[in-house]
Each structure stands twice: as C-alpha cells, then as structure tokens.
Amino acid sequence: MKIILASASPRRKALLDQIGLSFEVLSLNTEETDSGESAHDIVVANAEKKAVDAAETLMEDALIIAADTVVELDGVVLGKPGGYNDAFSMLSRLSGKRHTVHTGVCLYLRSGIPKKIIFSEQADVHMREIAPEEIHAYIKTGEPMDKAGSYGLQGFGAVFVRRVCGDYSTVIGLPLCALWSAMERIRQE
C-alpha cells in the first residue's frame, strides 16, 4: 500500500527515511489551530486536520501519516516563531528550564472503510542557560524560524539541550516507536 507523508517538514521526511519506509510527500497548506484545552488537544487536532485534508485530495488508496508538534512551558503552548523577536523571546523563556514537547500523529488509512488512529507522544527537554548573544547568533542562522519553540534538536540547537527524557524523535517531530506500532495496528484492523 502506498504511504503518504502529509507534511513539508524535511525533519519528518528524514525520520521516515531513517526507518526505511518507501513513501511520497504531499505538502498541503492546512490551516492549523493554536487553541485548545491542552497541548495534546492542539497537536492531535492539527494532525487529524492535515490527514483529512490529504485524504480529500487523493484519488487512490493510501496510508496517510500527518503530524504536528508544539512546545509547552509552564502550561503555555509555544508554536513556531512569528519572527526574530518572537524567536528571541521563546528561547529566552526556555533557557535553563525544562519544557515538554508534544507531537500529535494521525494515521488515516484510505482503503475500503477509512480508518484513523490518532495519538500524541511527549518528551521532556532540559535546556542549559543560554546567553543572549548565543540566542542572537542562533537566530541569525535561520534554523529556529520554522520550528516549534524556536529550536531544532537535530541541528545546531542541540548545543542548548542538556537532556531529553522520552523519545528523541518526538522532539524532532515524529515519534517513530509509537508510529511503527500504530502502523502495524492499523494494517491489522
């Protein structure tokens, strides 16, 4: 069965490549929500919207994988920065603290009777203190601008992270262990 990654994220593509999946990328401009009762609610709602949008554009049977990631600090959800100042503010707030990264995933099997599995995973990230000049230099690389919480663990942002408690790939944007189990489950149902 064809597998579709409903995401333009090069990080999600790299994670699926890492586990040897054969898939195609379908990039859509799904309107994401940033409101919900919790970070979990936001990421699962956005992942489901992306999967459903992808399913509506496809004319063939496929297993669609869609995901969304946010950072939560002290109950406040941080998405992607809106610009330089927003990125600086986020990174300053994360400096020296523990925060939680939530990634929601929706698997949508478009074959016969459509099936969906929706779940989220989370991981705690402990950051070291980051000096303001380090934050400015990091933002100037451009890396933070398309990432939840304004940093990329798989890139230069890794130098700010002391420890990850949970699935590393959840922080990158696609929890591989949980995804693999869900893919097995949806194929057997």
Side-chain angles (χ1 to χ4, degrees), residues 1-72 77-83 86-87 90 101-123 142-155 167 169-187 189:
M1 167 148 310
K2 180 182 269 191
I3 298 174
I4 303 291
L5 173 62
S7 175
S9 166
R11 294 156 303 278
R12 291 189 180 113
K13 181 183 180 309
L15 286 167
L16 291 183
D17 285 338
Q18 176 183 321
I19 60 173
L21 282 185
S22 176
F23 63 96
E24 295 177 16
V25 173
L26 177 61
S27 177
L28 301 169
N29 289 323
T30 299
E31 185 70 30
E32 295 181 4
T33 183
D34 60 358
S35 62
E37 300 219 358
S38 67
H40 164 82
D41 293 340
I42 292 168
V43 295
V44 297
N46 285 333
E48 183 176 21
K49 282 170 64 175
K50 292 174 185 179
V52 169
D53 282 359
E56 289 174 355
T57 66
L58 293 172
M59 301 311 255
E60 58 194 313
D61 290 349
L63 175 61
I64 299 162
I65 301 169
D68 188 54
T69 301
V70 298
V71 167
E72 180 182 19
V77 173
L78 307 174
K80 296 174 186 171
D86 198 24
M90 283 186 201
V101 177
H102 299 263
T103 295
V105 177
C106 180
L107 294 182
Y108 190 116
L109 183 58
R110 187 173 191 267
S111 173
I113 299 172
K115 301 174 199 164
K116 279 192 258 183
I117 294 179
I118 305 167
F119 63 93
S120 75
E121 292 287 313
Q122 64 185 51
E143 184 178 281
M145 303 316 291
D146 68 340
K147 294 170 185 63
S150 300
Y151 75 94
L153 182 58
Q154 72 288 350
D167 184 342
S169 63
T170 295
V171 182
I172 306 301
L174 198 59
L176 293 179
C177 182
L179 173 67
W180 191 265
S181 297
M183 288 175 67
E184 291 298 310
R185 201 166 71 241
I186 203 166
R187 287 181 181 145
E189 290 180 353

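V44 has its side chain out of reach of F119: every pair of non-hydrogen atoms, C-beta onward, lies at least 4.5 Å apart. Considering only heavy atoms from C-beta on, K2 comes within 4.5 Å of E24 through its side chain. Inter-residue side-chain proximity for I64 and L58 is flagged as met; some heavy-atom pair is nearer than 4.5 Å. Residues V43 and E72 form no side-chain contact, since every pair of their non-hydrogen atoms from C-beta on lies 4.5 Å or further apart. No side-chain heavy atom of V77 sits under 4.5 Å from any side-chain heavy atom of V71. Under the 4.5 Å side-chain criterion, counting only non-hydrogen atoms from C-beta, I3 is in contact with I65. Inter-residue side-chain proximity for E48 and Y108 is flagged as unmet; no heavy-atom pair is nearer than 4.5 Å. Under the 4.5 Å side-chain criterion, counting only non-hydrogen atoms from C-beta, I117 is not in contact with C106.
In terms of heavy atoms, K80 sits closest to D86 at O-OD2, 4.1 Å. When all heavy atoms of S150 and P144 are compared, the pair lying nearest together is O-CB, 2.9 Å. Across all their heavy atoms, S7 and S9 have their closest contact at OG-N, 3.0 Å. The shortest non-hydrogen separation linking G152 to E143 is O-OE2, 3.5 Å. In this structure, L21 and F23 approach most closely via the heavy-atom pair O-CD2, 3.3 Å. The two atoms that bring A67 and K50 nearest to each other are O-NZ, 2.8 Å, heavy atoms only.
Formation of a donor-acceptor pair under 3.5 Å by the T103 side chain with backbone atoms of T170 is found in this model. Panel note: side chain R110, backbone A62; no donor-acceptor pair is recorded below 3.5 Å. In terms of modelled atom types and a separation under 3.5 Å, the side chain of T57 and the main chain of A54 share a donor-acceptor contact. Between the side chain of S169 and the backbone N or O of I172 there is no donor-acceptor pair closer than 3.5 Å.
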Inset, instruction - Verify side-chain contact (heavy atoms from CB on, under 4.5 Å) between L174 and L16, making sure each step is shown before the conclusion. - result: CA-CA 9 Å; L174 198 59; L16 291 183; 3.7 Å; yes
Inset, instruction - Could you walk me through whether K49 and D53 pass the salt bridge (charged side-chain N to carboxylate O under 4.0 Å, His left out) test, one step at a time? - result: CA-CA 6 Å; K49 282 170 64 175; D53 282 359; over 6 Å; no
Inset, instruction - Report the C-alpha distance between I4 and L63 in whole Å, list the side-chain angles of each, state the deciding distance to 0.1 Å, and finish with yes or no for side-chain contact (heavy atoms from CB on, under 4.5 Å). - result: CA-CA 6 Å; I4 303 291; L63 175 61; over 6 Å; no
Inset, instruction - Tell me, with the steps shown, if L15 and R11 meet side-chain contact (heavy atoms from CB on, under 4.5 Å). - result: CA-CA 6 Å; L15 286 167; R11 294 156 303 278; 5.5 Å; no
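Checking each of H102, K147, R12 against T69 for a side-chain hydrogen bond (donor to acceptor under 3.5 Å, both in side chains) leaves exactly one that passes, namely R12.
Side chains of S120 and H40: a donor-acceptor N/O pair is present below 3.5 angstrom, by distance only.
E37 CD: 12 or fewer foreign heavy atoms inside a 6.0 Å radius.
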